[in-house]
> 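For reference, the structure I am asking about is given below.
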Amino acid sequence: MQAILEQQAKERIASVIARHFDSEAQNGRLFINLGVGIPTMVANYVTSPNIYVQAENGMLGVGCAAPEGQMDHDLINAGRTCVTETPGCVYMDSAASFGMIRGGHVDATVIGAFEVDQKANIANWIIPNGKQLGVGGAMDLVTGAREVVIAMQHTSKNGKPKLVKGCTLPITGIGEADMIVTEYAVFVFESGRLILKEIAPEITLDELRAITDADFDLSPDLHLMPL
Amino acid sequence: MQAILEQQAKERIASVIARHFDSEAQNGRLFINLGVGIPTMVANYVTSPNIYVQAENGMLGVGCAAPEGQMDHDLINAGRTCVTETPGCVYMDSAASFGMIRGGHVDATVIGAFEVDQKANIANWIIPNGKQLGVGGAMDLVTGAREVVIAMQHTSKNGKPKLVKGCTLPITGIGEADMIVTEYAVFVFESGRLILKEIAPEITLDELRAITDADFDLSPDLHLMPL
Amino acid sequence: MASDKYRSIEDAIARVKPGSRIMVGSFGLAGYPEELIEALAASGTGDLTIISNDLGTPGVGLGKLLTNNQIRSLIGTYYNWNPEVAGANNEGRITVKLIPQGTFAEAIRAAGVGIPAFFTPTGAGTDLAAGKETREFAGRACVLEESIHADVALIKAYKADELGNLVYYKTARNFNPVMAMAADTVIAEVEEIVPVGSLDPESIVTPHIYVDVLTMRKS
Amino acid sequence: MASDKYRSIEDAIARVKPGSRIMVGSFGLAGYPEELIEALAASGTGDLTIISNDLGTPGVGLGKLLTNNQIRSLIGTYYNWNPEVAGANNEGRITVKLIPQGTFAEAIRAAGVGIPAFFTPTGAGTDLAAGKETREFAGRACVLEESIHADVALIKAYKADELGNLVYYKTARNFNPVMAMAADTVIAEVEEIVPVGSLDPESIVTPHIYVDVLTMRKS
């Protein structure tokens, strides 16, 4: 197993997810919501003009980050980054914005996670008794978006598997994960089973099993992650 | 008892209600919703500039009926009359409009009724197995408006009391009536009792009792209806 | 036409299949998709459930669909303007589900925003609450109402941009924006399609995410 | 100033009494009524329940109210930007009620539109649904959530007309329009008050019926 540096891992995860969305957007417009961190980076890699970004704080058609000197602090995404407009963008209030999400109109959300388990449960909102106290839109997004894509490094900073048999932290949603993308692998949930679809060239299947606590099956068309 | 012609009765009812609203509007802006028929006529009699008319089909700040030749069939009130704009008027969708009503933001609604009983129940939406099948906004209005003013002639076309001990027709709302204005009298509900506040000069108290099925008390300041 | 959502009225109405649940925006004759309804009447597609505030007047607008026997059931609030409805209902030719108008609007919005049911004081204790759960909140009886969803929504807007963002005109807005959120397929009849960027992002009422097909009124 | 709703910031903030439930519009530092919050912090009025998405950052914006010990409890969604909140909560100095952000927005709107409670799939089966009724709709577990009302809402809008109709600016809109419907007294801090008739009736977001007091930002 060949180590992948953190920055490279993040860029890879974002680009793999972007490729997935570019492919989906060939069938028509795709509306996506991007969480803070790696998920936001996905916007830098998508190439399809058919992809529209929704920000849950009240905007459809979010553009790229605002360049230095052109920042408007009343034009932000949900990660409080100053952003720009795209042609045809729309502003709305928070109830309308979450209505769009909860109502199933947003095709996909990309979020990070502390843990995901083999039953598609996601834990990404809180570490009890810690220094952070917030849920934000995490529960609404995993429940409302049609497809929930987890973008996370394969293991925690101290090397523990994040893809586990059963979440130990408080969950964000039950059985809501649809796809998991790490620097080493792409998994999907199909008929309640976790399936490995792609594996990175830096790792063997046995090595991947060693850093994955969750049980998973191999896809009939399991292939190397195209990089 | 001196007969009052139908047209005169309607005008009187509308003007008495208008006087009530003009008085209330001295304390600040008053937002009212007017049903079809006599209620709509109230707008012709109010004089306070502090009164704003809401139409449940999606407008706040409804103006007078549109003059011949200036009718816009996409600018109507809930009775499908072409109306006009007032300065500062606002358009909204039906959910927002009924939200305004149900949320208790509209100060008063004026509606007609088939029957009102001494427990403040209102029956105004349907005569079973008849030629009409519709509830419209009646239930929302009686439930949502802070004050429900009933505008109706004292008796039905065949002389039967409309102010009854108990409604016989399907009710629109339980205990929702606050004030009843007929051509002969003004009643209010106070602490669950029906109270006569004003009586018209054309009728004696005994004659009023004879055409009123409901039991009522006399207000300590019962007085002649000012005309 | 530079919009990839643009279709002819005929192509658009072909998406309405027999037996479908169809929402139609309107209040009386204000804000109804006239040409779509004409085409639906001409198509003869039947066994429809029509979800709309009212049914126009006999033989006019939505009223045509009843005159044509294309309707199996109605969900709405006010049919006093079209006495054919009470007649057909009394004769058992159609079923009619009456809902208070504010509850109707809110239940359609609820479907659009993923709320399966809500409590409302409207209608508590009346015949229209029969068979529905009633519960007190802050001492007030409230009825549990479920959301209302459709297969297709036929709506009328004033202008669309090429993406499908919509704005409305005066009281022709009525139920159109909530219906635009509450159906699997949303077809909007508009008077004009303007270039992307022509509509103020602060003033767009229906974002393009909700709109599948645009048709343009000929007249 | 030709608006009868216009008051100075100081007069307006005097309406906030100790122990009140106060809604404040904002998402991070976008769209928060800065001068009203500065005045509230200066007033020292305490024992407040603050209903807002977040609490800014320590010592800034809404964060000042916590630093000043003016807060008894918080109802909101996301305090990760202000770690003083978790600290005060862990020490038992304040109580915090966390609500998923979409449920929070919808529950505030619900109070505004007279809906006492609604079912939502968000949060079902999680710790934030503990103690709440859960029921299945169409096979999906949903949580019953009650509406959220306040004594006073402090909101930020872009422009008001003299009647009190409001429009907003970009993503500074956020929770302001729903909070404007959900409080007994609504105080809006605006950047400009324009003559009646200057705002497009199709584009007004908050109708003047909801607004009690207007204050104007000095800077």
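In what follows, every chain begins at residue 1, and chains take the letters A, B, ... in the order their sequences are listed.
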> Is there a side chain to side chain contact (heavy atoms under 4.5 Å, CB included) between D/Tyr78 and D/Leu55? Walk through the geometry before answering.
CA-CA 8 Å; D/Tyr78 195 76; D/Leu55 208 73; over 6 Å; no

> Please state whether the side chain, the backbone, both or neither of A/Ala78 comes within less than 4.5 Å of a heavy atom of chain D.
both

> Against chain A, label D/Asn80 side chain, backbone, both or neither, depending on which of its atoms sit under 4.5 Å from a heavy atom there.
both

> Taking the side chain from D/Asn53 and the backbone from D/Phe27, do they hold a donor-acceptor pair closer than 3.5 Å?
no

> Heavy-atom pairs under 4.5 Å with chain A - which of D/Pro177, D/Ala107, D/Gly28 has more of them than the others?
D/Pro177

> With a 4.5 angstrom heavy-atom cut-off, is it the side chain or the backbone of A/Ser97 that approaches chain D, or both, or neither?
neither

> Could you verify whether a donor N or O on one side chain and an acceptor N or O on the other, from D/His149 and D/Asp184, lie under 3.5 Å apart?
yes

> Look at atom NZ of A/Lys160 and say whether more than 12 heavy atoms of other residues, nucleotides or ligands are closer to it than 6.0 Å.
no

> Contact between A/Ile101 and A/Gln54 at the side-chain level, heavy atoms closer than 4.5 Å - yes or no?
yes

> How about D/Tyr168 and D/Thr206: does a side-chain donor come under 3.5 Å of a side-chain acceptor?
yes

> Measure D/Asn89 against the heavy atoms of chain A and call it side chain, backbone, both or neither at under 4.5 Å.
side chain

> Is the D/Tyr158 ring parallel, tilted or perpendicular to the D/Tyr169 ring (thresholds 30°, 60°)?
tilted

> Does anything in residues 177-185 of chain A get under 4.5 Å of chain D by heavy atoms, and if so which residues?
none

> Are D/Ser52 and D/Ser26 linked by a side-chain donor-acceptor pair shorter than 3.5 Å?
no

> Which atoms of D/Ile99 come close to chain A, meaning under 4.5 Å heavy atom to heavy atom: side chain ones, backbone ones, both, or neither?
backbone

> Tell me the residues of residues 114-139 of chain D whose non-hydrogen atoms fall below 4.5 Å from those of chain A, in number order.
D/Thr120, D/Pro121, D/Thr122, D/Gly123, D/Ala124, D/Gly125, D/Thr126, D/Asp127, D/Leu128

> Checking side-chain polar atoms at under 3.5 Å, does A/Asn158 have a donor or acceptor matched by the opposite partner on A/Ser156?
yes

> Can you tell me if A/Asn124 and A/Thr172 form a side-chain donor-acceptor pair at under 3.5 Å?
yes

> Chain D: which of A/Glu176, A/Met92, A/Met59 shares the most heavy-atom pairs with it under 4.5 Å?
A/Met92

> Kindly say whether the aromatic ring centers of A/Phe187 and A/Phe216 come within a distance under 6.0 Å.
yes

> Measure distances from A/Asn121 to the heavy atoms of chain D and classify the residue's part below 4.5 Å as side chain, backbone, both or neither.
neither

> Cut-off 3.5 Å, side chains only: do A/Ser94 and D/Asn174 have a donor facing an acceptor?
no

> Any idea which of A/Ala95, A/Gly173, A/Gly144, A/Gly58 has the most non-hydrogen atom pairs under 4.5 angstrom with chain D?
A/Ala95

> Establish, from distance only, whether the side-chain atoms of D/Glu35 and D/Thr215 form a donor-acceptor pair under 3.5 Å.
no

> For atom CD of A/Glu68, decide whether the heavy atoms of other residues, nucleotides or ligands shown that lie under 6.0 angstrom number more than 12.
no

